[in-house]
Amino acid sequence: MIDRLIARTESAARVFLWLAIAAGVLMMVHVTADVIGRTVFNHPLAGTTEIVSAYYMIAVSFLPWAWISAKEGHIRVEIFTASMSPHRRAWLDVGVTLLTLAYVVAFTWQTFERAMHATAVRESWEAPNGFLPVWLSHWMLPASGALMAAFLLLWVLAEIARLARGPAGRGV
Amino acid sequence: MSTLSLSLWSVAALLVLIGLRVPIGVALGAVAFGGFWALRGVDVAFSVLRETPFVFAANWDLTAIPMFLLMGALVNNSGLGEAIFRAARVWLSGLPGGLAVASNIASAGFAAASGSSIAAAAAMARVAIPEMLRHGYDKALAAGVVASAGTLAALIPPSILFVLYGIFAEVSIAKLLIAGILPGLLTALVYTLMIVIRSRLDPALAPSAATESRAGLWRERIEALKPIWPLLVLILGVIGGLYAGVVTPTEAGAAGAALALVLGVIQRRLTLQRIVDSVREAVSTSALIFFIGMGAVMYTKFLAFAGVGSMFAEMIGDWAQQPLLLVIAMSIIYLVLGMFLDPIGIMLITIPVFVPMFAVLDLDLIWLGVLVVKYVEIGLLTPPVGFNVHVVKSVVGNAIPLETIFRGCGWFLLCEVVIMTLLIAFPEISLYLPNRMF
């Protein structure tokens with residue numbers, strides 16, 4: 001059951017990652033087009049800075065989170081815990097993941113509130129050729145946080161179930 | 001609780017959490033949250049968490065990071081690293097320790113397209129180490145030069161660390177990137193001298209690899225330069241554009257990435273799969289950096305709120321005549337932290353502390369940036385957690401033991417003593433170019 005849910009979360013994480021990849025490509029193309037437009041044709045693309053910062057950058061910064069968690073890509077320092085038994089270390093990992101989960105849940109909750117506010121006031125940025133609505137982009141934060149939180153929660157549940165079954169740790 | 005004790009508690013809590021394997025981004029964010037809670041109540045703590053992430057990430061200066069990473073990944077995946085090494089090899093293999101010198105110079109060249117030491121060390125390890133081992137080079141020298149010269153990527157523009165430093169210390173990123181050029185070249189030069197002298201004194205370390213006849217050699221040398229012209233175009237575009245003030249770092253990164261992409265496709269070195277892999281690598285590494293960066297911004301805000309800047313100003317009062325003492329104290333702290341922490345973690349933890357100190361003493365923050373990046377990079381070579389050493393180890397597998405690689409880096413760390421002494425004694429090495437920018 002949990003394994004199936006984890007697999008589903010991972011699929012969603014991959015979709016988010018693809019969106020971030022698309023944003024990365026768009027960022028390169030858009031900024032390059034602006035540089036060429038400005039230096040060669042003396043005609044910059046208006047609003048490049050704002051669109052790149054408020055949309056592509058937000059997508060690149062937050063959307064890959066769940067995928068990175070699934071890959072265990074977060075930087076950790078192993079040196080002080082290297083001498084622990086695998087079983088103890090597995091329980092320590094559960095504790096650490098719970099702390100991470102609490103942090104990500106707080107992040108998701110607060111950025112959700114912020115996105116609600118941005119939506120209510122239709123938050124926009126002033127750009128050279130008018131106003132760029134940025135309220136939509138605010139939703140990428142709680143969405144990314146929620147997916148990462150879902151993944152961490154499922155992982156912790158699966159890990160506790162596994163550790164409770166027997167003392168044989170998995171040698172993390 | 002006084003400012004001093006609260007700040008010290010926060011540092012202690014940070015180190016304990018990191019020691020317990022809490023991801024560095026979470027440790028920074030959680031300690032900042034706790035600090036704000038203690039200082040101003042839970043509502044303020046929540047509001048910092050609510051407002052910081054979007055404002056931090058939706059930042060034009062920061063977009064240089066994914067773009068620099070993308071440029072490096074595209075260049076790497078198009079096999080340019082190998083071409084640079086081959087060119088350096090045919091030009092330099094006549095020197096004592098020629099292949100090691102070639103690895104060092106090729107790393108300096110690759111650094112002009114890559115902003116990440118770890119990526120540069122991994123790329124060069126794959127092509128250079130097997131070649132050196134095949135020619136009977138000393139294992140410690142072969143692995144040590146690749147791990148050590150990988151650090152050039154953070155000094156020679158583009159550089160992820162300089163972008164982060166510039167944002168947190170609020171100084172010009174373009175100037176920082178240009179400031180890294182001469183210290184980067186100085187490092188490559190001192191490394192080269194050390195390799196040549198050692199190989200001269202002990203030829204068994206590096207048996208001669210030059211086999212070509214003189215006539216054939218020159219033809220081969222000219223041939224080897226052909227595949228690396230994209231690098232020259234990138235250097236001219238990125239460094240030239242920055243120095244001339246024509247482009248911002250972000251624009252240099254984006255245009256550099258686009259150029260690397262076009263050249264890679266024209267030369268048939270990049271397939272669609274490799275392009276997608278490059279972008280995935282760039283965006284996932286960026287997201288990881290921003291996750292840490294977000295925590296670091298909150299921690300920086302907390303320290304500023306707690307009044308650490310003015311506290312340092314008072315503490316430093318007596319030292320004001322002795323900035324050298326501060327630099328020495330800073331050196332010791334970086335060397336210790338560098339033994340345990342990752343480069344971005346170290347930078348983001350220490351900048352909020354050191355920048356106000358330097359500002360109080362009226363020392364140049366661009367110069368500080370160069371010193372900080374150098375120290376952080378030295379930390380990539382020191383045991384037990386030398387990231388570059390572990391990267392090289394992961395590439396070479398069982399061929400070379402970890403201790404041997406650390407031993408090989410020892411000679412390069414000796415060089416670093418000379419280089420750091422020069423950089424501290426002569427700030428002009430770092431400041432000459434940025435002070436003459438357009």
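Quick caveat: nothing in here was measured; it's all calculated off a predicted structure. Letters A, B, ... mirror the listed sequences (proteins, then strands); counts begin at 1.
Residue-environment remark: CH2 (Trp37(B)) stays at or below the threshold of 12 foreign heavy atoms within 6.0 Å. Summarising the local packing, CZ of Arg8(A) is surrounded by 12 or fewer heavy atoms from other residues, nucleotides or ligands at distances under 6.0 Å.
Contact of Ile21(A) with chain B is made through backbone and side chain together, with heavy-atom distances under 4.5 Å. At a 4.5 Å heavy-atom cutoff, the contact between Leu261(B) and chain A is made by side-chain atoms alone. Looking at Leu259(B), neither its backbone nor its side chain comes within 4.5 Å of chain A, counting heavy atoms on both sides. No part of Ala282(B) comes within reach of chain A, as not one of its non-hydrogen atoms sits under 4.5 angstrom from that chain. Within the 4.5 angstrom heavy-atom criterion, atoms from both the backbone and the side chain of Thr49(A) approach chain B. Only the side chain of Pro66(B) comes within less than 4.5 Å of a heavy atom of chain A; its backbone N, CA, C and O stay farther away. Heavy atoms of Val60(A) lying under 4.5 Å from chain B belong to its backbone as well as its side chain. In this structure, chain A has no heavy atom under 4.5 Å from any part of Met339(B). When heavy atoms are compared at a cutoff of 4.5 Å, Ser137(A) approaches chain B by way of both its backbone and its side chain. Of the atoms belonging to Leu70(B), it is side-chain heavy atoms, and not backbone ones, that fall under 4.5 Å from chain A.
Residues Trp18(A) and Val276(B) are in side-chain contact: their nearest non-hydrogen atoms beyond the backbone lie under 4.5 Å apart. For the pair Pro64(A) and Leu288(B), the minimum side-chain heavy-atom distance is 4.5 Å or more. Within the 4.5 Å cutoff, no side-chain heavy atoms of Phe54(B) are placed close to those of Arg114(A). Put simply, the side chain of Val22(B) does not reach to within 4.5 Å of the side chain of Tyr103(A), judged on heavy atoms. Residues Thr63(B) and Met27(A) meet the side-chain proximity criterion, which asks for heavy atoms closer than 4.5 Å.
Taking every heavy atom of both residues into account, Ala57(B) and Ser61(A) meet most closely at CB-OG, 3.6 Å. Taking each heavy atom of Val246(B) and Arg38(A) in turn, the nearest pair found is O-NH2, 3.0 Å. Across every non-hydrogen atom of Thr111(A) and Leu49(B), the tightest pair is CG2-O, 4.4 Å. The heavy-atom pair separating Ala20(A) from Val283(B) by the smallest distance is O-CG1, 3.6 Å. Taking all atoms of both residues into account, the shortest heavy-atom contact from Pro53(B) to Phe62(A) is O-CZ, 3.7 Å. For the residue pair Ala258(B) and Thr32(A), the shortest heavy atom distance occurs at CB-OG1, 3.6 Å.
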Can Gln110(A) and Glu51(B) be said to form a side chain to side chain contact (heavy atoms under 4.5 Å, CB included), step by step? CA-CA 8 Å; Gln110(A) 291 305 314; Glu51(B) 299 297 333; over 6 Å; no

Working for side chain to side chain contact (heavy atoms under 4.5 Å, CB included), residues Val26(B) and Val104(A): CA-CA 9 Å; Val26(B) 177; Val104(A) 176; 5.8 Å; no

Worked verdict on Asp93(A) versus Arg21(B) for side chain to side chain contact (heavy atoms under 4.5 Å, CB included): CA-CA 8 Å; Asp93(A) 272 351; Arg21(B) 291 165 37 96; 2.5 Å; yes

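Rounded to the nearest 0.5 angstrom, Met57(A) CE and Leu62(B) CG are separated by 4.0 Å. Annotation: the span from Ile58(A) atom CD1 to Phe290(B) atom CZ amounts to 9.5 Å, rounded to 0.5 Å. One distance of note links OG1 of Thr100(A) with CZ of Phe291(B); it measures 7.0 Å at 0.5 Å rounding. With rounding to the nearest 0.5 Å, the separation of CZ in Phe107(A) from CZ in Phe46(B) is 13.5 Å.
Between chain A and the options Gly29(B), Ala30(B), Ala255(B), Ser286(B), the largest number of non-hydrogen pairs under 4.5 Å is found for Gly29(B).
The existence of a salt bridge linking Glu113(A) and Arg50(B) is excluded, since no basic side-chain nitrogen approaches an acidic carboxylate oxygen closer than 4.0 Å.
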